[in-house]
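The structure under discussion appears below in the form of structure tokens.
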Amino acid sequence: MLRTLLLATVIAMTASPASADSVHDATQRELPALLEFYRDFHANPELGLHETRSAKILADEARKAGFEVTEGVGGTGVVAVLRNGAGPTLLIRADMDGLPVTEETGLPFASKVRVTTDEGIDSGVMHACGHDTHMASWIGTVRNLAAMKSQWHGTLVMIAQPAEEISKGALAMLQDGLFTRFPKPDYAMAFHDSASLPAGTIGMKPGFVLANVDSVDLVVKGVGGHGAYPHTTKDPIVLAARIVTTLQTLVSRETDPQDAAVVTVGAIHGGSKHNIISNEVTMLITVRSYSPEVRQHLLDGIARIAKGEAVAAGMPDDLMPVVTVRGGSTPSTFNTEPFTGRLTGLFEKRFGKDRVTTVAASMAGEDFGRYWLADKSIQSSIFWVGGVPRDQWNESVAGKRALPSLHSPFWAPQADAVIGTATEAMTAAALDVLRK
């Protein structure tokens with residue numbers, strides 16, 4: 001299978017070759033070793049805040065390349081610093097954690113890991129979001145830039161971040177002194193593999209690219225009783241239904257159509273039997289937005305609507321709904337200019353305009369945005385590298401195949417194309433930012 005994937009990549013790249021130069025050549029020399037790292041990471045995934053094995057591998061590789069390495073930052077995070085004279089400071093991030101997903105890709109190196117999660121659930125573990133490709137590319141970038149010290153000046157800060165999937169890793173590293181114990185970056189950069197782009201294609205976008213993500217628990221209270229005598233009760237299930245309906249107006253009638261917003265009731269739990277009216281219903285809601293103003297309007301609106309519907313239903317003050325915004329919210333990610341435009345031009349020149357495309361903003365979350373939010377003087381950008389094998393992409397475009405998404409147990413990116421493209425792109429970007 002690997003030989004087939006490599007051949008497919010060679011064919012695809014020949015149609016639109018990258019520039020033949022030292023960065024491309026160095027990356028290609030490293031690629032077989034990077035694919036070995038990838039297969040190892042893929043077969044041995046670790047959940048957020050438990051990435052001890054992955055972190056040690058990355059730390060060891062950075063030390064071998066001559067970086068000053070600090071482990072245990074923000075839990076299992078790694079910070080590797082290479083100082084190379086006066087100049088700008090560039091931070092490059094890779095995330096390390098897998099997901100509680102049982103793999104079904106059929107790959108020969110598929111994960112067989114099972115764990116009991118922190119929530120007490122027995123589950124398989126899988127790199128279903130492609131962080132294994134991120135770590136392998138991080139190693140390739142470390143090796144390339146250490147070997148090319150004569151071509152750049154400044155300070156390179158390579159960080160391996162834990163717990164992106166649970167939106168705790170970036171915040172934990174910042175709270176553990178990422179910008180005070182270590183050189184504070186002038187630029188921050190990361191990439192993410194994509195299940196929505198053909199293998200080896202780079203996706204770029206300035207401005208908001210990923211959303212604020214909030215999880216809201218809404219407890220709707222009532223007065224329970226016999227289903228045959230509803231007039232003696234105050235039914236929280238009916239009230240919950242009213243709340244669900246009215247919540248739709250937050251987006252459809254209260255938010256400017258030019259502003260993206262999502263309010264989704266993902267779960268409703270209430271009641272136990274056909275003829276019993278319960279005392280309580282719990283609703284689980286995901287809320288997504290880009291701007292902080294829209295985010296606050298949505299969260300305030302949920303509380304207002306829940307209370308308003310309860311008042312209309314005749315609920316007493318001591319039975320008002322309880323709205324809780326859970327911890328672990330993810331802030332939106334913003335790609336700054338002129339840095340994002342600079343990278344776009346660089347990648348178009350290097351890979352050809354047919355391999356660089358403008359992508360739409362996503363309502364998914366990603367905590368890379370926290371680094372820019374911690375200091376908005378930093379120029380920051382995250383880009384995407386497509387991982388869908390070309391034959392599957394063509395079948396999808398023709399309507400003959402449905403593609404798995406990120407977080408799917410079937411997601412298997414074309415790793416050689418992702419890692420080769422991302423390593424070359426990040427190396428070239430670093431040399432451009434830190435050029436002499």
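None of these values were measured; they are calculated from a predicted model.
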Residue pairs, two or more places apart or on separate chains, that pass salt bridge (charged side-chain N to carboxylate O under 4.0 Å, His left out) and touch residues 282-296: D214-R295
Looking at every heavy atom in both A261 and V251, which two are closest together, and how far apart are they? O-CG1, 3.7 Å
Are any non-hydrogen side-chain atoms of P338 and Q379 less than 4.5 angstrom apart? yes
Under the salt bridge (charged side-chain N to carboxylate O under 4.0 Å, His left out) test, residues paired with D97 that sit two or more places apart: none
Donor-acceptor under 3.5 Å (E46 side chain, S54 main chain): yes
Considering non-hydrogen atoms only, spot the tightest contact between I378 and Y371 and give its length. CD1-O, 3.7 Å
So does I382 get a backbone contact from the side chain of N335, meaning a donor-acceptor N/O pair under 3.5 Å? yes
Which value, rounded to the nearest 0.5 Å, describes the distance between L218 atom CG and I305 atom CD1? 10.5 Å
Separation of M158 CE from F67 CZ (nearest 0.5 Å): 6.0 Å
Full working for side chain to side chain contact (heavy atoms under 4.5 Å, CB included) between F179 and M173: CA-CA 9 Å; F179 287 176; M173 293 190 78; over 6 Å; no
Can you confirm whether L90 sits close enough to I92 that some side-chain heavy atom of one is under 4.5 Å from a side-chain heavy atom of the other? yes
Test of understanding: with salt bridge (charged side-chain N to carboxylate O under 4.0 Å, His left out), list the residues that count as partners of K56, not counting sequence neighbours. D60
Would you call E424-R350 a salt bridge at under 4.0 Å N-O? yes
Within the 3.5 Å criterion, strictly below it, is a donor on T333 or E366 matched to an acceptor on the partner's side chain? no
Checking side chain to side chain contact (heavy atoms under 4.5 Å, CB included) against L403, which of P389, S396, S408 comes through? S396
Between T336 (side chain) and S380 (backbone), is there a donor-acceptor pair under 3.5 Å? yes
Can any side-chain N or O of S332 pair as donor or acceptor with the backbone N or O of Y290 at less than 3.5 Å? yes
Using residues 296-303 as the side-chain source, report each donor-acceptor pair under 3.5 Å to any protein atom, sequence neighbours left out, with the distance given to one decimal.
from, atom 1, to, atom 2, distance (Å)
Q296, NE2, D300, OD1, 2.9
H297, NE2, E254, OE1, 3.2

Under 4.5 Å between any side-chain heavy atoms of D217 and L284, yes or no? yes
Distance check, rounded to the nearest 0.5 Å: M96 atom CE versus L58 atom CG? 6.5 Å
Side chain proximity check, L406 to W411, heavy atoms < 4.5 angstrom: yes
So, E103 versus T105: side-chain donor-acceptor pair below 3.5 Å or not? yes
Report yes or no: does S111 contribute a side-chain atom to a donor-acceptor pair with the main-chain N or O of V113 at less than 3.5 Å? yes
Has N84 got a side-chain atom pairing as donor or acceptor with G154's backbone, closer than 3.5 angstrom? no
Taking all non-hydrogen atoms of both residues, which atom of L99 and which atom of A128 are closest, and how far apart? CD1-CB, 3.9 Å
Counterpart residues, side-chain hydrogen bond (donor to acceptor under 3.5 Å, both in side chains), relative to T117 (two or more places apart): E119
May I ask you to decide if L431's main-chain N or O and Q151's side chain share a donor-acceptor pair within less than 3.5 Å? no
Is S362 reaching over with its side chain to a backbone N or O of L210, donor-acceptor style, under 3.5 angstrom? no
Let me see the working for L434 and H153 under side chain to side chain contact (heavy atoms under 4.5 Å, CB included), right down to the final yes or no. CA-CA 5 Å; L434 304 174; H153 70 111; 5.7 Å; no
Among residues two or more places apart or on two chains, list those pairs meeting ring-ring contact (aromatic ring centres under 6.0 Å, His included) that have a residue in residues 93-131. Y38-F109, H42-F109, H131-H134, H131-H192
Does any N or O in the side chain of W138 come within less than 3.5 Å of the main-chain N or O of I159, such that one atom is a donor and the other an acceptor? yes
Say you draw a straight line from OG1 of T155 to CG of L82; how long is it, rounded to the nearest 0.5 Å? 8.0 Å
Side chain to side chain, V209 and F334, heavy atoms closer than 4.5 Å: no
Can you check whether L156 reaches V142 side chain to side chain, under 4.5 Å on heavy atoms? no
Of the non-hydrogen atoms in P321 and A306, which two are nearest, and what is the gap between them? CG-O, 3.4 Å
For residues 196-207, run the donor-acceptor check on the side chains, cut-off 3.5 Å, and write out each pair with its distance to 0.1 Å, sequence neighbours left out.
from, atom 1, to, atom 2, distance (Å)
T201, OG1, P198, O, 3.3
K205, NZ, F208, O, 3.2

Taken to the nearest 0.5 Å, the spacing of H24 NE2 from F351 CZ works out to 9.0 Å
Assess whether salt bridge (charged side-chain N to carboxylate O under 4.0 Å, His left out) is satisfied between D176 and R181, documenting all intermediate values. CA-CA 8 Å; D176 201 12; R181 295 168 55 194; 3.3 Å; yes
From M126 CE over to D132 CG, what is the distance, rounded to the nearest 0.5 angstrom? 8.5 Å
Considering all heavy atoms, the nearest P409-T102 contact: CB-O, 3.3 Å
Salt bridge (charged side-chain N to carboxylate O under 4.0 Å, His left out) pairs touching residues 393-405, sequence neighbours excluded, are E395-R401
With V265 via side chain to side chain contact (heavy atoms under 4.5 Å, CB included) - residues at least two apart: V244, L247, I268, M283, I285
Tell me if a side-chain donor or acceptor on D367 pairs with a main-chain N or O of S167 at a distance below 3.5 Å. no
Pairs where residues 64-81 contributes a residue and the test salt bridge (charged side-chain N to carboxylate O under 4.0 Å, His left out) is met, not counting sequence neighbours: E61-K64, R63-E71, E68-R83
Minimum-distance pair of heavy atoms, taken over all atoms of V213 and G365: CG2-CA, 3.7 Å
Check: S289/N212 side-chain N/O donor and acceptor closer than 3.5 Å: yes
With sequence neighbours left out, what residues match E30 under side-chain hydrogen bond (donor to acceptor under 3.5 Å, both in side chains)? R143
Side chains of D432 and W152, donor plus acceptor under 3.5 Å: no
Proximity of W384 and F191 rings by center, below 6.0 Å: no
Scan for salt bridge (charged side-chain N to carboxylate O under 4.0 Å, His left out) pairs involving residues 368-379, sequence neighbours excluded, and state none if there are none. K184-D375
Using a 4.5 Å cut-off on heavy atoms from C-beta on, say whether the side chain of V81 contacts that of T70. no
Any heavy-atom pair between the side chains of M189 and L343 that's under 4.5 Å? yes
